[in-house]
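Per chain, numbering begins at 1; letters A, B, ... match sequence-line order.
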Number of protein chains: 2
Amino acid sequence: MDTELDAVFAALADPTRRRILSMLLEDDMAVTDVAEPFEMSLAAISKHLAILTRAGLISQDKRGRVKWCRLEPDAMRAATVWIQGFGLFEPVDFDAFERFLERERIGDAP
Amino acid sequence: MDTELDAVFAALADPTRRRILSMLLEDDMAVTDVAEPFEMSLAAISKHLAILTRAGLISQDKRGRVKWCRLEPDAMRAATVWIQGFGLFEPVDFDAFERFLERERIGDAP
DNA sequence: GGTATCGTCAACCATCCGGTTGAATATGCC
DNA sequence: GGCATATTCAACCGGATGGTTGACGATACC
């Protein structure tokens, strides 16, 4: 039924994977570069990336011998929509949030 | 660190638990009543409720011999905030996001 | 062709998860 | 006291998870 939502929430339930997602927020990355800041093996990171891919949170595109990882925001958006379905919170203005991020990024620039 | 978020997302990653949460949206319920529509044992539901409680998504209040379960929306809100601002672990961004939310709320007010 | 780099596969391990069943602990009722 | 109801505990099971290591298949470079 809602196995997609299962996969998304399960994928988000791990700090390593959340950190990977936030790294990909900056830019697309190769698998080796994703693994670099972590203290675990490359194989472990590769598994985490597979879980994120299965959940639809990222996509992987192999060009040459390097595999590029790209954030896919839609799956995460689905999770947010489910939470909002509770009606407990004001609906989130995604466009406003995008503008917020943009402003922050500009503010941080030298 | 971020074990709280771990627990929230892990708790949300199960359809039974999500269904329980949506049931509790209606009203507080006793454990037995929560278990009634499910086809699994009462003990299994009791475990699910323990997981939801540990994640802070519900609270349980024993009055007499019946234990009442109540939805606690704050934990879910934390998850939403992370998703919306994912990658904003740095306090600076979190504060900025709080201000952003505040601004949005003021903007929306009549 | 030979070699280094990128990434996954396979096997293994410890631990957790979601479920069961049966016994145990409260509490309420007569 | 004695019995029924509400809920958890304890032990168990099969399967998933998160990690390791070592071998392997591709691709790039000289």
Between B:A55 and B:A11, which heavy-atom pair has the shortest distance, and what is it? CB-CB, 3.9 Å
Under the criterion side-chain contact (heavy atoms from CB on, under 4.5 Å), which of A:L52, A:D74, A:I51, A:L24 is the partner of A:L57? A:L52
Path from B:M23 to B:L71 over hydrophobic side-chain contacts below 4.5 Å: yes
Apply side-chain contact (heavy atoms from CB on, under 4.5 Å) to residues B:W68 and B:R63 and explain how you reach the verdict. CA-CA 7 Å; B:W68 294 91; B:R63 275 200 302 275; 3.7 Å; yes
Nearest-Å distance, CD (B:E39) to P (C:dT21)? 13 Å
Under 3.5 Å, which protein N or O atoms sit close to an N or O of nucleotides 13-17 of chain C? Give each pair with its distance.
none

What does the list of N/O pairs under 3.5 Å between the protein and nucleotides 5-9 of chain C look like, with a distance for each?
from	atom 1	to	atom 2	distance (Å)
C:dT5	O2	A:R65	NH1	2.9
C:dC6	O3'	A:R65	O	3.4
C:dG7	OP1	A:V31	N	3.3
C:dG7	OP1	A:K67	N	2.8
C:dG7	OP1	A:K67	O	3.4
C:dG7	OP2	A:T32	N	2.6
C:dG7	OP2	A:T32	OG1	2.1
C:dT8	OP1	A:K67	NZ	2.9
C:dT8	OP2	A:S46	OG	2.3
C:dT8	O5'	A:S46	OG	3.4

Would you sort out whether A:V31 and A:C69 count as a side-chain contact (heavy atoms from CB on, under 4.5 Å), showing the intermediate values? CA-CA 7 Å; A:V31 173; A:C69 306; 4.0 Å; yes
Please report, rounded to the nearest Å, how far the P atom of D:dA6 is from the CE atom of B:M29. 13 Å
Pairing residues for A:T16 by the side chain to side chain contact (heavy atoms under 4.5 Å, CB included) criterion, not counting sequence neighbours: A:D14, A:I20, A:F38, A:M40, A:I45, A:H48
If each of A:G64 and A:S41 is mapped to the nucleotide of DNA chain D with the nearest heavy atom, which maps nearer the 5' terminus, i.e. the 5' end? A:S41
Candidate pair A:L5 and B:R18, rule side-chain contact (heavy atoms from CB on, under 4.5 Å), full reasoning: CA-CA 10 Å; A:L5 214 42; B:R18 288 199 303 274; 3.8 Å; yes
When every non-hydrogen atom of A:R17 is compared with those of A:A10, the smallest separation belongs to NH2-O, 3.2 Å
Can you check the B:F38 CZ to C:dG18 C1' distance for me, whole Å? 14 Å
